[in-house]
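Worksheet: the structure to be examined is printed underneath.
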Amino acid sequence: MAQADVLILKNGDRLTGEVLNETDGVLKFNTSYAGILSIQWNEVSEVRTDKSMVLLLEEGEVLTGLVVKNNGDTLQLENEDNRAVRELTKRSVKEINPESWRLGKGYKFSGMINISMKYDRGNNDNDVIDLDGNLEFRRLYDRVRFYGEYDVNRTKGITTKLKWLVAGAYDYFPTSDWSYVFDAPDWFIGLGLNLKKDEFAELNLRTRFGPHIGYQFYESKPLNLLVQGGFEAVKEEFTGGEDNQYWANTWRLVFDRYLYKEKVQFYFISDGFYGFASPDKTILENWTGFRFPLKIGFVASIEAETDYDSQPAENVEKLSTSYRFKLGYKF
């Protein structure tokens with residue numbers, strides 16, 4: 001019989017298969033009879049593998065072993081001779097079998113592309129194209145993020161909406177010995193650039209550029225939470241008004257979480273700033289929605305986007321809202 005990993009639950013059940021990884025309190029266990037199972041770590045009594053598991057600790061230390069016993073608030077790591085290698089507190093273990101980039105080896109490239117289209121002919125003559133996407137290149141100590149959005153509506157050949165957004169950021173995660181200020185691996189500092197055009201809000205181009213500091217509370221497939229703040233130089237060019245330049249305090253929040261056994265993902269993104277203009281102004285952009293994973297990476301989404309400008313151009317509303325149904329591909 002081929003060797004297999006063994007998972008023993010606290011109720012006495014014994015499963016055979018392959019340990020994939022454990023993060024955020026959920027163990028992924030691959031079986032030949034039920035596919036990949038998501039098991040709450042609190043329900044696990046013992047894990048035995050035929051090849052060493054890798055345990056990544058909060059402080060960055062890496063341990064290996066063949067047996068992990070869950071003793072409540074502590075974990076006992078053993079080697080092939082059933083000898084205890086180390087006893088650990090459960091909170092000190094960040095992940096079991098982490099991705100290679102978390103160990104300083106290689107990188108992770110991920111992203112998503114979404115499209116929403118409408119094409120009417122006959123009684124109505126209306127075209128709608130809505131594209132958006134994001135890309136991320138991640139290594140242990142740095143990260144590059146990109147986001148883009150393009151939204152255009154045409155009715156009987158006349159453009160009634162034209163808006164696009166391009167944003168990018170570089171983040172650096174300092175090591176604990178780099179500075180006493182960043183004594184945690186989840187702090188990051190970086191630079192960001194944001195370009196936006198909204199023709200029917202009379203915004204020809206808004207350019208934002210400046211540094212930021214943030215904290216990555218969670219970074220995994222089940223749960224992500226990022227919060228950052230910064231200070232940027234802002235330049236606004238209007239179609240029919242006077243251009244404007246000022247400094248602004250900025251913020252960004254990115255949150256997503258899988259629900260119902262990873263069949264639904266809720267997400268919320270908030271990006272905004274308070275500008276020291278004359279008069280002072282507040283810009284806030286929120287994206288809220290649900291994603292529904294389909295097959296082989298395809299994802300369906302429903303989303304609400306809200307844009308708020310406390311000092312808009314003349315004859316332009318302060319608040320606008322868009323609702324979308326999108327089909328995308330996640331990689």
Side-chain angles (χ1 to χ4, degrees), residues 20-26 28 52-65 75 77 86 88-113 133-148 166-195 208-233 249-258 267 269-271 273 330-331:
L20 299 180
N21 79 319
E22 183 276 330
T23 182
D24 293 327
V26 178
K28 297 290 185 179
S52 292
M53 289 175 285
V54 177
L55 277 68
L56 176 63
L57 307 188
E58 285 287 348
E59 58 271 18
E61 185 180 358
V62 177
L63 301 175
T64 59
L75 301 178
L77 180 65
R86 187 102 164 246
L88 308 161
T89 62
K90 185 182 298 184
R91 295 185 62 181
S92 69
V93 179
K94 190 171 185 178
E95 193 169 350
I96 298 177
N97 289 348
E99 296 178 87
S100 60
W101 70 265
R102 293 185 182 274
L103 304 175
K105 302 175 183 179
Y107 62 88
K108 177 183 178 181
F109 183 72
S110 60
M112 176 180 290
I113 299 174
N134 63 80
L135 297 173
E136 183 175 303
F137 178 85
R138 182 71 159 100
R139 296 188 301 184
L140 180 60
Y141 295 118
D142 61 357
R143 171 175 62 192
V144 179
R145 295 176 281 155
F146 292 102
Y147 177 78
V166 177
Y170 173 78
D171 303 324
Y172 176 67
F173 293 78
T175 57
S176 58
D177 57 355
W178 184 81
S179 171
Y180 292 108
V181 177
F182 303 103
D183 194 21
D186 298 315
W187 283 102
F188 61 89
I189 56 177
L191 280 173
L193 175 66
N194 185 299
L195 304 173
R208 295 165 44 192
F209 178 75
H212 58 255
I213 179 173
Y215 192 82
Q216 187 79 49
F217 288 89
Y218 301 97
E219 188 176 13
S220 64
K221 182 179 178 181
L223 175 63
N224 289 278
L225 176 59
L226 173 156
V227 177
Q228 74 177 48
F231 194 65
E232 294 181 342
N249 287 329
T250 65
W251 62 85
R252 182 170 178 82
L253 183 150
V254 180
F255 171 80
D256 61 66
R257 183 180 181 87
Y258 273 101
Y267 65 92
I269 302 171
S270 181
D271 185 31
F273 66 83
K330 189 174 184 180
F331 52 91

| query | If you round to the nearest 0.5 Å, how far is CZ of F146 from CG of N134? | reply | 11.5 Å
| note | Nearest heavy-atom contact between A169 and H212 is CB-CE1, 4.0 Å
| task | Could you tell me whether Y172 and Y170 have their ring centroids closer than 6.0 angstrom? | result | no
| Is there a side-chain contact between E232 and F273, using heavy atoms and a 4.5 Å cut-off? | no
| said: Counting only heavy atoms not in L225 (residues, nucleotides, ligands), do more than 12 fall under 6.0 Å from its CG? | reply: yes
| query | Quick one: do E99 and R138 make a salt bridge, cutoff under 4.0 Å? | reply | no
| F231, CZ: over 12 other non-hydrogen atoms inside 6.0 angstrom | yes
| query | How far apart are the closest heavy atoms of P98 and L103, and which atoms are they? | reply | CG-CD2, 3.8 Å
| query | Are D24 and R257 ion-paired here, with the side-chain N under 4.0 Å from a carboxylate O? | reply | no
| field | L57/V93 under side-chain contact (heavy atoms from CB on, under 4.5 Å): CA gap, chis, key distance, verdict | value | CA-CA 4 Å; L57 307 188; V93 179; 4.0 Å; yes
| query | Can we call the ring centroids of F188 and F173 under 6.0 Å apart? | reply | yes
| query | What heavy-atom pair brings R86 and E61 nearest, and what distance separates the two atoms? | reply | NH1-OE2, 2.9 Å
| task | Show your working on side-chain contact (heavy atoms from CB on, under 4.5 Å) between L226 and R145 and close with a plain yes or no. | result | CA-CA 13 Å; L226 173 156; R145 295 176 281 155; 3.9 Å; yes
| message | Can you tell me how far apart CE (M112) and CG (L135) are? Round to the nearest 0.5 Å. | response | 11.5 Å
| query | Between CG of L140 and CH2 of W101, what distance do you get to the nearest 0.5 Å? | reply | 7.0 Å
| Do any N or O atoms from the side chain of N97 and from the backbone of L20 form a donor-acceptor pair under 3.5 angstrom? | yes
| message | With a 4.5 Å cut-off on side-chain heavy atoms, are R252 and V254 touching? | response | yes
| field | Minimum heavy-atom distance between P174 and W187, given as atom pair plus value | value | CD-O, 3.6 Å
| task | Nearest 0.5 Å please: distance from the CG atom of L55 over to the CG atom of L63. | result | 6.5 Å
| request: Check G65 against L77 and note the closest heavy-atom contact, atom names and distance. | output: CA-CD1, 3.7 Å
| Validation row: V54, V62 side chains within 4.5 angstrom (heavy atoms) | yes
| said: Before you tell me yes or no, could you show the steps for R143 and E219 under side-chain contact (heavy atoms from CB on, under 4.5 Å), namely the whole-Å CA-CA distance, both residues' side-chain angles and the distance that decides it to 0.1 Å? | reply: CA-CA 12 Å; R143 171 175 62 192; E219 188 176 13; 3.8 Å; yes
| note | dist F109:CZ -> E136:CD (nearest 0.5 Å) comes out at 10.0 Å
| request: Check whether any side-chain heavy atom of L223 sits under 4.5 Å from a side-chain heavy atom of F255, and report yes or no. | output: yes
| said: Within the supplied structure, the quantity of interest is the number of heavy atoms (other residues, nucleotides, ligands) at a distance under 6.0 Å from F137 CZ; does it exceed 12? | reply: yes
| field | Between NZ on residue K28 and CG on residue N21, distance to nearest 0.5 Å | value | 8.0 Å
